[in-house]
Amino acid sequence: MKALILVGGFGTRLRPLTLSVPKPLVDFANKPMILHQIEALKAIGVTEVVLAINYQPEVMLNFLKEFEKKLGIKITCSQETEPLGTAGPIALARDKLIDGSGEPFFVLNSDVISEYPLKEMVNFHKGHGGEASIMVTKVDEPSKYGVVVMEETTGKVEKFVEKPQIFVGNKINAGIYLLNPSVLNRIELRPTSIEKEVFPKIAAENKLYAMVLPGFWMDIGQPKDYITGLRMYLKSLRKKSSTKLSTGSHFVGNVLVDESAVIGDGCLIGPDVAIGPGCIIESGVRLSRCTIMRGVRIKKHTCVSNSIIGWHSTVGKWARLENMTILGEDVHLGDEVYSNGGVVLPHKEIKSSILKPEIVM
């Protein structure tokens, strides 16, 4: 089987992290976002992954080459010269996706994190005999999304309602599809939307089915959702393989620490924290609901909550970072500095406090 991952644009909502690497390579729970998906695809027997991309393909490919070897899966790129929406890239990658086997192929949005029940999806797809399957997830506020109206028993999709003002259902498109090769004949090579143009036509012919996603789901394309997604991911990890999570008097709740990180005495870490490779957390540090990326040093008695600290940054002693503070790569924050939602671009030195949420160029 093959799979297409829609990588797409510039990742502006995750700046300043995406000023250093393309969004799919931003670390999430100590590995690049896109790797979570590639590993899940490999696990169910996908042999080739095509990345639909319009931005920095060489950076992506160079980086993924090592994983190609490690995972034993072929990774190629299909590059857009203009943005093609959510369906155009599928048409563009047509020749890479068709291999004459007649097997369906996966399409995934690169921002989505979940438990990826892909094997169940293959069984569901083969069971209903339609042309396309989509994964849907239940949400509390359906009015913010496009809602999928479906038959509860069979999963057959009746229609899509964009941001409904009255309640029509609470299931939304989760950005994971399994499509028969015949779907390629329905997509023109132009900027086009799979949700608004392609799927409604398949649904009108009663050939589109939706499977409700078990477990958690999050689009982690912006900082607040990234932090929420980390909480959900670590909770799921606790259920599935809790040996990967850290234990001991230093830790509260679910915490993921790379084995090469060093943690000092008297720290309190958690809940919902990821600490990357080569990090040094000095003594007396308090961390909660945050991601500390590779090579970061956090000095004594500092407190970090609801924040993301980018690669190779340092945070001084007795500092306090909170309220969605994001430090880009190689940022150096002085001793006793307070940041209330500061968003700091890469390679900066910060010596004075950031009292209200703002971007520091």
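Numbering starts at 1 and runs along the sequence shown.
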Derivation of the side-chain hydrogen bond (donor to acceptor under 3.5 Å, both in side chains) call for T86 and E195: CA-CA 8 Å; T86 51; E195 302 84 357; 2.8 Å; yes
N254 (side chain) donor-acceptor with D272 (main chain) under 3.5 angstrom: no
Shortest non-hydrogen contact from D219 toward D111: OD1-CB, 3.4 Å
Atom pair CG/CE of L327 and M293 - distance to nearest 0.5 Å: 10.5 Å
Residues V331, T314; criterion side-chain contact (heavy atoms from CB on, under 4.5 Å); working and verdict: CA-CA 6 Å; V331 167; T314 51; over 6 Å; no
Between CZ on residue R238 and CG on residue L245, distance to nearest 0.5 Å: 5.0 Å
Residues, nucleotides or ligands: over 12 heavy atoms within 6.0 Å of R320 CZ: no
Nearest atoms (heavy-atom pairs only) where Q79 meets L92: O-CD2, 3.5 Å
Rounded distance (nearest 0.5 Å) linking atom CD1 of I298 with atom CD1 of I263: 10.0 Å
Short N-O contact, E48 and K2, less than 4.0 angstrom: yes
Common cluster, V136/V139, ILVMFWY with side-chain heavy-atom separation under 4.5 Å: no
D330 and H312 side chains, donor-acceptor separation under 3.5 Å: no
Distance-only side-chain donor-acceptor flag, E115 / S236, under 3.5 Å: yes
Listed partners of Y209 passing ring pair (Phe, Tyr, Trp, His ring centres under 6.0 Å), at least two apart: H128
Enclosure of N185 CG (heavy-atom neighbours >12, cutoff 6.0 Å): yes
Any side-chain donor near an acceptor of the partner, E120 and N123, under 3.5 Å: no
Enclosure of K119 NZ (heavy-atom neighbours >12, cutoff 6.0 Å): no
T76 side chain near L51 side chain, heavy-atom distance below 4.5 Å: no
Check: C279 and I292 side chains under 4.5 Å, non-hydrogen atoms: yes
Trace of the side-chain contact (heavy atoms from CB on, under 4.5 Å) decision for V21 with V26: CA-CA 7 Å; V21 295; V26 170; 3.8 Å; yes
N/O donor-acceptor pair under 3.5 Å between S307 side chain and S305 backbone: yes
H36 ring center near Y116 ring center (under 6.0 Å): no
P191 side chain near E82 side chain, heavy-atom distance below 4.5 Å: yes
Cationic N near anionic O, under 4.0 Å, K70 to E68: no
Heavy-atom check, side chain of L17 versus side chain of D27, under 4.5 Å: no
Contact check, side chains of T302 and L287, non-hydrogen atoms, under 4.5 Å: no
Nearest non-hydrogen partners of N109 and Q37, listed with the distance: O-NE2, 2.9 Å
I176/I134 under side-chain contact (heavy atoms from CB on, under 4.5 Å): CA gap, chis, key distance, verdict: CA-CA 6 Å; I176 302 171; I134 66 173; over 6 Å; no
N-O pairing of E197 and R186 below 4.0 Å: no
4.5 Å side-chain heavy-atom contact, V273 and L256: no
Whether R286 side chain and G270 backbone form a donor-acceptor pair below 3.5 Å: yes
Co-membership, hydrophobic cluster, residues L208 and V168, 4.5 Å side-chain: no
Ring-ring centroid check Y177 F106, cutoff 6.0 Å: no
Gap between atom CG of L179 and atom OG of S133 - 0.5 Å precision: 8.0 Å
Backbone N/O of T47 and side chain of K74: donor-acceptor pair under 3.5 Å: no
Side-chain ion pair, E259 and K244, N-O less than 4.0 Å: no
Test applied, side-chain contact (heavy atoms from CB on, under 4.5 Å); reference residue, Y226; option that passes from M33, M218, M324: M33
Expected output: side-chain S339 to main-chain I354 donor-acceptor under 3.5 Å: no
Backbone of P16 reached by a side-chain donor or acceptor of S20 within 3.5 Å: no
More than 12 heavy atoms of other groups within 6.0 Å of E141 CD: no
Spacing of NZ belonging to K299 relative to CG belonging to L333, to within rounding of 0.5 Å: 10.5 Å
Nearest heavy atoms of E282 and K300, plus distance in Å: OE1-N, 3.2 Å
Side-chain donor-acceptor contact under 3.5 Å, E329 with S313: no
Side chains of L178 and F105 in contact at under 4.5 Å (non-hydrogen atoms): no
Between N180 and S182, a side-chain donor and acceptor under 3.5 Å: no
Inter-residue atom distance L189.CG - E80.CD, 0.5 Å rounding: 9.5 Å
N/O donor-acceptor pair under 3.5 Å between H250 side chain and C267 backbone: yes
E151 and T153 side chains, donor-acceptor separation under 3.5 Å: no
Over all atoms of both residues, closest heavy-atom pair of L230 and C290: CD2-O, 3.8 Å
Same apolar cluster (I L V M F W Y, side chains within < 4.5 Å links), V148/W217: no
Connected via hydrophobic side-chain network under 4.5 Å: Y233 and L108: yes
Check: N323/N340 side-chain N/O donor and acceptor closer than 3.5 Å: yes
Co-membership, hydrophobic cluster, residues L4 and I34, 4.5 Å side-chain: no
Side chains of I269 and V252 in contact at under 4.5 Å (non-hydrogen atoms): no
L97 to I90 - nearest heavy-atom pair and separation: CD1-O, 4.0 Å
Full working for side-chain contact (heavy atoms from CB on, under 4.5 Å) between V343 and T325: CA-CA 6 Å; V343 173; T325 288; over 6 Å; no
